[in-house]
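All figures in this text were calculated on a predicted structure; none of them were measured in a lab.
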Amino acid sequence: MVTDYRYEQLESEKVFKDPVHSYIHVTDRIIWDLIKTKEFQRLRRIKQLGTLYFAFPSAEHSRFTHSLGVYEIVRKMVENFSRYDKWTKDDRLLALCAALLHDVGHGPFSHSFEKIFGTDHETYTKKIILGDTEVNRVLKRVDESFPEAVASVIAHTHENKLIISMISSQIDADRMDYLQRDSYVTGVEYGKFDIDRLLRVMVPSKDEVLIKDSGMHAVEDYLMSRYQMYWQIYFHPVSRGGEVLLTLIFNRAKELYERGYVFKQPPKYLIPFFEKRETVHDYLILDETVMNFYLQEWVEEIDEILNELADRFVNRKLFNYVPFYDGFITYSELESLFEAAGIDPKYFLLTDKYSDMPYDYDRPGSSRQPIHILKESGSIREISAESVVIQAITGLDRSNAKLYYPKEKVMRIKDDTIKKKILNLLNELS
């Protein structure tokens, strides 16, 4: 008897021991086969938190473990939703596969890579799912159209808005996993919330996941955890300083390549990106093992700027930083003074700006879908209309900025007049 691959189960359940979810359970043949593909295994070599390990040394976990965690949360959602008429059991596999593969297109050093090379992990996720890959071949065993269905869920274009909201919304499996996981590995309390309670109060509807009225306080806890994690952990200035160095290093390497500079160690796997002609194959070759090899090699390069920046990254000699709110005039003054002192401001003076909005909804000026509460009466209400806590942070767009510079280079400036002017400007910013 031939078994339909869509419904094929493993002879025995596979489990991954996990510090966040205790165990991650796999019973479907297709999920097990997707995990074994080389494109998914590559995620073991991609850190979840980029350069955050500079600030929190234990933040070394991978996109692989996070992706498994998102799959496990969606698996639990599906299990709970199966009791409701609004859930269609035939959507189960689509939800599980989209959850597992939602980050398969991430590049090395997380979002830092995207800023440097102008790539987009969601675009590459789609290309990996639809291209000539092991992932694509596994998905096509369900049917020829299944890869497109999975890709469209991740791209938010699928007609099934419920599944999209399970994986990507303001209260989704992706965020629920990374907040808990990142909190655990960094050793902080900020990202912890009652995930079991949240899963129990989630209800499927036609277009989104609803929250039972009794679960409103669990959502408050979740949103405040998210807010605190961003400002205490994800935006940590030391981690951002690592991203600043990466940006400068690869910008310098690209500039040298374009000039015809002869590298001691030619960056052959980066050349397609320097020339903006990279393919999916080129993209998949890159992981943090490859990138760290180049960084280590560039410590010995002849070019003084590249070798200094690489040395700073490899050996954690990060730039100093000060708050930066003054704007163009102060930056322009510092830029001129750095040039006069013989310090190239293009590679040794950089501003980093960041912002976050913990919660907002689909009102004028916002593209975010709201979180809705299901009242006992059956009516549906946007959550900030019910919660004074969430109302207080709704639409709150907090931002910050830092100016990064190498203090020791400033202190070695021989012209005391220039050095004093630079230090006075930096002190005014502090």
Any side-chain to backbone donor/acceptor pair from Q170 onto Q369? Under 3.5 Å, distance only. yes
Say whether, by atom type as modelled, one donor and one acceptor occur between the side chain of T51 and the main chain of S239 under 3.5 angstrom. yes
Angle class for the [X]/[Y] ring planes (parallel below 30°, perpendicular above 60°, tilted otherwise)?
X	Y	result
Y361	Y359	tilted
Y230	Y234	perpendicular
F319	F348	tilted

With a distance cut-off below 6.0 Å to the six-membered ring centre and an angular limit of 45° from the axis, does K17 pair with Y23 as a cation-pi contact? yes
Got a salt bridge between [X] and [Y], using NZ or NE/NH1/NH2 to carboxylate O under 4.0 Å?
X	Y	answer
E308	K409	yes
R197	D221	no
R75	E72	yes
D132	R137	yes

Any chance you could lay out the salt bridge (charged side-chain N to carboxylate O under 4.0 Å, His left out) test for E255 and K346, step after step, and finish with the verdict? CA-CA 12 Å; E255 180 183 332; K346 184 177 179 181; 3.0 Å; yes
Test applied, side chain to side chain contact (heavy atoms under 4.5 Å, CB included); reference residue, N400; option that passes from F324, F235, W231: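 Passing option: W231.
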